[in-house]
Amino acid sequence: MGKAALIVADMLNDFLDPQGSLYVGPQAREIIPFIARKIGEFRTEGGVVIFVCDAHAPNDREFKLFSPHAVRGTWGAQMIPELTPARGDYQVKKTRYSAFSHTNLGELLKKEEVTEVRVVGVLTSICVLETVKELFDRDIPTVVYRQGVADADPEAHTFALKQMQRVLGARVV
């Protein structure tokens with residue numbers, strides 16, 4: 001029988017700390033307690049917790065679109081202290097928006113016999129949306145926790161939630 005996995009997307013200093021290079025804003029800080037509770041629930045219930053984190057090279061092509069952020073080995077690429085990974089959690093480093101692009105996430109989900117994925121993190125309209133699209137393409141049922149995602153752009157956030165539900169079949173709860 002399969003199990004559920006919780007993907008925690010990009011809860012990094014550069015996005016969540018006011019000193020971070022791409023600080024999302026106070027709305028992102030507000031989701032931290034909810035995410036911490038969900039992580040605790042998954043650990044207690046034997047679910048799989050996967051922290052997916054930007055880990056860019058200093059000259060990453062993404063920096064033509066966004067200011068440099070989450071550069072490997074820097075403070076900005078570190079997980080925020082409130083959500084420290086525990087023994088048994090997974091960490092997947094990524095260099096693109098989707099958590100599947102050039103990572104082992106697909107193999108990890110198969111290895112752990114995951115049959116449903118739940119998603120939290122930032123940014124709703126970029127990395128969360130792109131990861132949910134990939135889950136849809138892999139026919140993996142997906143739940144997005146409305147209280148657990150945030151974006152710097154309120155309109156993009158709302159649009160992404162609608163897209164994930166209407167177009168990609170995710171349950172937004």
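Because the structure is predicted, anything quoted here is derived from the model rather than measured.
In this structure, the side chain of Thr74 engages the main chain of Val71 through a donor-acceptor pair within 3.5 Å. Although no hydrogens or angles enter the test, the distance criterion places a donor-acceptor pair under 3.5 Å between the side chain of Asp14 and the main chain of Ser21. A distance-only check finds a donor-acceptor pair linking the side chain of Asn13 to the backbone of Trp75 [under 3.5 Å]. Not a single donor-acceptor pair under 3.5 Å links the side chain of Thr131 to the backbone N or O of Ser98.
Shortest non-hydrogen contact noted between Leu109 and Ala5 is CD2-CB, 4.2 Å. Residues Lys3 and Gly46 approach most closely at CD-O, 4.0 Å, considering heavy atoms.
If you take OG1 on Thr44 and CD1 on Ile39, they are separated by 11.5 Å, rounding to the nearest 0.5 Å. Put simply, CG on Asp17 and CG on Leu22 are 12.5 Å apart, with the number rounded to the nearest 0.5 Å. Atoms NZ and CG, on Lys94 and Asn104 in that order, are 14.0 Å from each other to the nearest 0.5 Å. A distance of 6.0 Å separates CG of Asp54 from CD of Glu62, quoted to the nearest 0.5 Å. Distance check: Phe66 CZ to His56 NE2 gives 9.0 Å after rounding to the nearest 0.5 Å. Leu135 CG to Glu116 CD: the interatomic distance, rounded to the nearest 0.5 Å, is 10.5 Å.
Clustering ILVMFWY residues whenever any of their side-chain heavy atoms sit less than 4.5 angstrom apart, transitively, puts Val149 in a cluster other than the one holding Leu12. Both Leu105 and Ile140 are members of a single hydrophobic cluster when ILVMFWY side chains are connected at heavy-atom separations under 4.5 Å. Using a 4.5 Å cut-off between side-chain heavy atoms of Ile, Leu, Val, Met, Phe, Trp and Tyr, with links allowed through other members, Ile32 and Ile7 fall into different hydrophobic clusters.
Residue pairs meeting the ring-ring contact (aromatic ring centres under 6.0 Å, His included) criterion with at least one member in residues 8-33, sequence neighbours excluded, are Phe15-His69. Within the structure, the ring-ring contact (aromatic ring centres under 6.0 Å, His included) test picks out no pair touching residues 78-116 (sequence neighbours left out). Residues in residues 26-35 take part in these side chain to side chain donor-acceptor pair (under 3.5 Å) pairs, two or more places apart or across chains: Arg29-Glu82.
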Note to self: For a side chain to side chain contact (heavy atoms under 4.5 Å, CB included) check, start with the C-alpha distance between Val52 and Ile50, then their side-chain angles and the critical distance, and finish with the verdict.
What the structure shows: CA-CA 6 Å; Val52 176; Ile50 305 168; 3.9 Å; yes
Next item on the list: Kindly determine whether Asp10 and Leu123 satisfy side chain to side chain contact (heavy atoms under 4.5 Å, CB included), including the steps that lead there.
Entry: CA-CA 8 Å; Asp10 290 329; Leu123 288 151; over 6 Å; no
Next item on the list: Show your working on salt bridge (Lys or Arg N to Asp or Glu O under 4.0 Å) between Asp60 and Arg72 and close with a plain yes or no.
Entry: CA-CA 11 Å; Asp60 194 289; Arg72 276 179 287 208; over 6 Å; no
Note to self: Could you walk me through whether Leu129 and Val132 satisfy the side chain to side chain contact (heavy atoms under 4.5 Å, CB included) test, starting with their C-alpha distance in whole Å, then the side-chain angles of each, then the deciding distance to 0.1 Å, before giving a yes or no?
What the structure shows: CA-CA 5 Å; Leu129 177 63; Val132 169; 5.6 Å; no
Next item on the list: Let me see the working for Ile31 and Val120 under side chain to side chain contact (heavy atoms under 4.5 Å, CB included), right down to the final yes or no.
Entry: CA-CA 9 Å; Ile31 69 174; Val120 294; over 6 Å; no
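Using a 4.0 Å cut-off between charged side-chain N and carboxylate O, Lys38 and Glu41 make a salt bridge.
Side-chain contact check for Phe51 versus Met11: every heavy-atom pair is 4.5 Å or farther apart. Inter-residue side-chain proximity for Val122 and Val128 is flagged as unmet; no heavy-atom pair is nearer than 4.5 Å. Val119 places a side-chain heavy atom less than 4.5 Å from the side chain of Val117. The shortest distance between side-chain heavy atoms of Val8 and Phe42 does not fall below 4.5 Å.
Checking each of Glu112, Lys111, Arg43 against Val48 for a side-chain contact (heavy atoms from CB on, under 4.5 Å) leaves exactly one that passes, namely Glu112.
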For residues 156-173, run the donor-acceptor check on the side chains, cut-off 3.5 Å, and write out each pair with its distance to 0.1 Å, sequence neighbours left out.
| unit_1 | atom_1 | unit_2 | atom_2 | d |
| --- | --- | --- | --- | --- |
| His157 | ND1 | Thr124 | OG1 | 2.8 |
| Thr158 | OG1 | Pro154 | O | 3.1 |

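Residues forming a side-chain hydrogen bond (donor to acceptor under 3.5 Å, both in side chains) with Ser125 (at least two apart in sequence, or on another chain): Asp151. Considering only residues two or more places apart in sequence or on other chains, Lys93 meets the side-chain hydrogen bond (donor to acceptor under 3.5 Å, both in side chains) condition with none of them.
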